[in-house]
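Predicted model, so just to flag it, every value in this text is computed and none were measured.
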Amino acid sequence: MYMLQQKTKNIFLGSIALISIAGAFLFPAHDLFQTFLAGIAFLIIFPYLTIKFVLKESVKQYGLTFPQFNKKLFLQFGSLFLISLGLFFILFSYTPLGKHYFPPTFLTQRFFFFFLYSILVGGTFSLIFSAFFQGFLLFYFERLCKEWAILLQWFCFMLFLFIAGDWGWNMTLYIYISLFSGALAYISRSFLTSFIFTWIFVILADMFLLKFF
């Protein structure tokens with residue numbers, strides 16, 4: 001009976017994931033603000049409210065919890081960040097990545113533009129992607145395939161962007177870092193850690209590229 005209940009719950013959660021993605025795709029968004037609203041509504045609010053009020057489970061099981069920032073987590077955060085940042089600049093320097101990806105040049109005109117872009121656009125994208133892919137989806141997949149959930153959520157994120165028509169060099173940083181942030185979310189048991197990690201990485205990578213390249 002227990003196994004049947006778990007199987008039914010997993011099928012239900014999978015259906016919620018598909019409905020969330022379909023809702024984000026089908027919402028008639030005409031600008032960036034409406035795109036953000038659709039992402040927040042369908043990829044954050046809908047799945048987590050369903051978990052809380054329909055399944056009556058704790059949302060903490062799906063990464064919606066404040067991480068315990070102890071010494072061990074700081075070391076893991078810092079180590080992953082340095083590895084991901086170092087590897088990114090190696091890829092940028094010695095692969096076609098450097099020829100195709102570059103932050104929007106208008107960000108160099110005024111610091112105010114860069115600040116707003118990083119906070120509003122970068123921060124919102126980071127939150128939406130982290131909450132759904134490194135939160136809800138990762139911890140759902142963890143029930144099915146343990147640590148392989150890190151790779152699976154990364155693949156689903158790339159598939160999501162491809163189907164949405166956003167698969168391009170402009171999303172390079174988010175595609176790249178989602179693998180590392182997924183690992184950090186898995187370790188810390190919180191997508192908020194993944195969100196902070198992604199947000200800081202995107203800001204620093206763009207700042208470095210705009211300054212030195």
Side-chain angles (χ1 to χ4, degrees), residues 1-68 120-166 171 174-175 177-179 181-199:
M1 179 64 72
Y2 175 77
M3 293 295 292
L4 180 61
Q5 290 177 341
Q6 284 299 111
K7 186 175 181 180
T8 302
K9 184 180 294 185
N10 288 338
I11 293 173
F12 180 76
L13 286 169
S15 301
I16 294 303
L18 292 175
I19 293 170
S20 298
I21 292 172
F25 281 148
L26 298 176
F27 185 86
H30 300 293
D31 53 40
L32 188 61
F33 178 70
Q34 292 178 2
T35 300
F36 284 159
L37 287 181
I40 292 170
F42 290 103
L43 299 180
I44 301 180
I45 296 175
F46 174 67
Y48 284 95
L49 286 183
T50 303
I51 290 167
K52 185 174 180 62
F53 294 108
V54 178
L55 288 181
K56 299 188 184 302
E57 290 187 349
S58 172
V59 291
K60 292 181 179 180
Q61 297 180 47
Y62 298 86
L64 185 51
T65 181
F66 288 101
Q68 299 296 318
L120 298 180
V121 179
T124 306
F125 270 133
S126 298
L127 179 60
I128 293 171
F129 293 154
S130 295
F132 187 75
F133 292 98
Q134 287 96 52
F136 173 77
L137 209 59
L138 184 144
F139 291 105
Y140 163 63
F141 284 143
E142 183 192 26
R143 297 183 174 198
L144 307 177
C145 54
K146 302 299 181 182
E147 63 272 7
W148 287 102
I150 299 169
L151 284 175
L152 197 52
Q153 65 83 26
W154 185 48
F155 173 78
C156 287
F157 178 55
M158 291 190 289
L159 185 62
F160 173 83
L161 293 178
F162 179 77
I163 296 174
D166 288 329
M171 296 301 294
Y174 293 101
I175 294 170
I177 204 60
S178 64
L179 180 61
S181 59
L184 187 62
Y186 186 88
I187 292 170
S188 66
R189 317 305 299 169
S190 171
F191 77 73
L192 295 178
T193 316
S194 169
F195 159 61
I196 295 170
F197 186 89
T198 301
W199 197 7

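Every residue meeting the ring-ring contact (aromatic ring centres under 6.0 Å, His included) condition with F197, not counting sequence neighbours, appears here in chain and number order: F77, F81. When the side-chain contact (heavy atoms from CB on, under 4.5 Å) test is applied to K60, the partners found at least two apart in sequence or on another chain are S58, T65. With sequence neighbours excluded, the residues that form a side chain to side chain donor-acceptor pair (under 3.5 Å) with T193 are S188. By the ring-ring contact (aromatic ring centres under 6.0 Å, His included) test, W199 pairs with F195, sequence neighbours left out. For F136, the side-chain contact (heavy atoms from CB on, under 4.5 Å) partners at least two apart in sequence or on another chain are L13, I16, A17, P47, Y48, I51, Y62, F132.
Here salt bridge (Lys or Arg N to Asp or Glu O under 4.0 Å) pairs that include residues 134-145, with residues two or more places apart or in two chains, are E57-R143, E142-R189.
The minimum heavy-atom distance between Y174 and V121, with the atom names listed, is OH-O, 4.4 Å. Minimum interatomic distance between L192 and P67 (heavy atoms only, all atoms of both residues): CB-CD, 4.3 Å. Considering every non-hydrogen atom in both F191 and L127, the closest pair reads CE1-CD1, 4.3 Å. Nearest heavy-atom pair, G122 versus S126, reported as atom, atom and distance to 0.1 Å: O-OG, 2.7 Å.
We find the CG-CD1 distance between L49 and I44 to be 11.0 Å, quoted to the nearest 0.5 Å. Atom OG1 of T198 is separated from atom CZ of F129 by 10.0 Å, given to the nearest 0.5 angstrom. The distance from the OG atom of S190 to the CG atom of L184 is 9.0 Å, given to the nearest 0.5 Å.
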If you look only at distance, which donor and acceptor atoms sit under 3.5 Å apart when one is on a side chain in residues 150-160 and the other is two or more places apart or in another chain?
| residue | atom | partner | partner atom | Å |
| --- | --- | --- | --- | --- |
| Q153 | OE1 | Q134 | NE2 | 3.0 |
| Q153 | NE2 | I150 | O | 3.1 |
| Q153 | NE2 | S178 | O | 3.0 |
| W154 | NE1 | I175 | O | 2.8 |
| W154 | NE1 | S178 | OG | 3.2 |

Just distance, no hydrogens or angles: give the donor-acceptor pairs under 3.5 Å from side chains in residues 25-42, sequence neighbours left out.
| residue | atom | partner | partner atom | Å |
| --- | --- | --- | --- | --- |
| H30 | NE2 | P28 | O | 3.4 |
| D31 | OD1 | F33 | N | 3.2 |
| D31 | OD1 | Q34 | N | 2.8 |
| Q34 | OE1 | H30 | N | 2.6 |
| T35 | OG1 | D31 | O | 2.9 |

(request) For T50 and F12, run side chain to side chain contact (heavy atoms under 4.5 Å, CB included): C-alpha distance rounded to whole Å, both residues' side-chain angles, the deciding distance at 0.1 Å, then the answer. (result) CA-CA 10 Å; T50 303; F12 180 76; 3.8 Å; yes
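Other residues, nucleotides and ligands contribute more than 12 heavy atoms inside 6.0 Å of the CD atom of E147.
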